[in-house]
**Student:** 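Input: one structure, supplied below.
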Amino acid sequence: MTVAGPEIARVLAPGGILAGLWNVMDDGDEWVSGLARAGGSAVIGPRDTPAGWRAETADMHLPKSGVPARFGSPEQAEFPHGQRRTADSLVATLATRAGLLVMPEQEQEATLGRIRAFRAFLASRPETARGEFTLPMRTGVPSRRS
C-alpha cells in the first residue's frame, strides 16, 4: 500500500470505498480442516481459511512508517458459497497452488502424495463420498472508505 495507497486515494471519490475480494475454504467443515492438515500450509496457507484470512488482513491497509492514513477504519465481511468438485478436480486444483509450485521437487511430490491420499478420506465421508460434492467457501471482503 505504500505506493498504491496514495494513488488509490487520489482517484477514489470522497466517501468512496476500496474493497478487495478473497476466496477462502471454509474449514468450519471437518473434512475441509482435514484437507488443510493433510496438505499443509503450502497448499492451504494462513490466508486460505476464514480465521486466518481475518487475522492476516485485519491491518493490511493501515499505513506503515508514520505515513498519514488516507482511508477510514477497515471493515470485513464474508459471504458463504460453494464450488462443485470431485476428489480428482479438488486434487488438481490444489496442485496449482503457488505455495506448492515453488517447493523443491522432492518436497512437492511428497505434498502431492499426501493430497492424493486424501481421496480415500473423501470417499469415507458422507459429504464427499458420492463423487461430486460442494467445497464450502467464503468470499472475504476487506473494505475501507476514503
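From a predicted model like this one, the values you see are computed outputs, not experimental measurements.
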**Student:** Judged by atom type as modelled, is there a donor-acceptor pair below 3.5 Å linking the side chain of Gln108 to the main-chain atoms of Leu100?
**Tutor:** yes
**Student:** In terms of heavy-atom contacts, does CD of Glu132 have more than 12 from other residues, nucleotides or ligands at under 6.0 Å?
**Tutor:** yes
**Student:** Count I, L, V, M, F, W, Y as connected when their side-chain heavy atoms are under 4.5 Å apart, and connections chain through other members. Are Leu90 and Phe121 then in the same cluster?
**Tutor:** yes
**Student:** I'd like to know whether Glu127 forms a side-chain contact (heavy atoms from CB on, under 4.5 Å) with Thr134, so could you lay out the CA-CA distance, the side-chain angles of the two residues, the decisive distance to 0.1 Å, and finally the verdict.
**Tutor:** CA-CA 8 Å; Glu127 307 94 326; Thr134 298; over 6 Å; no
**Student:** Within the side chain of Asp29, is there an N or O that forms a donor-acceptor pair under 3.5 Å with the backbone of Trp31?
**Tutor:** no
**Student:** Just wondering, do Val32 and Pro136 contact through their side chains at under 4.5 Å, heavy atoms?
**Tutor:** yes
**Student:** Find out whether Gln83 and Asn23 are in side-chain contact, i.e. whether some heavy atom of one side chain is under 4.5 Å from a heavy atom of the other.
**Tutor:** no
**Student:** Looking at Arg84, I want to see if its CZ is surrounded by more than 12 non-hydrogen atoms of other residues, nucleotides or ligands under 6.0 Å.
**Tutor:** yes
**Student:** Quick one: list whatever passes side chain to side chain contact (heavy atoms under 4.5 Å, CB included) with Ala36, sequence neighbours left out.
**Tutor:** Ile44
**Student:** Taking it one step at a time, do Arg119 and Asp88 satisfy side-chain contact (heavy atoms from CB on, under 4.5 Å)?
**Tutor:** CA-CA 8 Å; Arg119 288 180 181 140; Asp88 289 339; 3.1 Å; yes
**Student:** Is there a donor-acceptor pair closer than 3.5 Å between any side-chain N or O of Trp53 and the backbone N or O of Gly140?
**Tutor:** no
**Student:** Start with the C-alpha distance between Met137 and Met25, add both sets of side-chain angles, then the distance that settles side-chain contact (heavy atoms from CB on, under 4.5 Å), and finish with yes or no.
**Tutor:** CA-CA 4 Å; Met137 305 280 295; Met25 294 183 200; 4.0 Å; yes
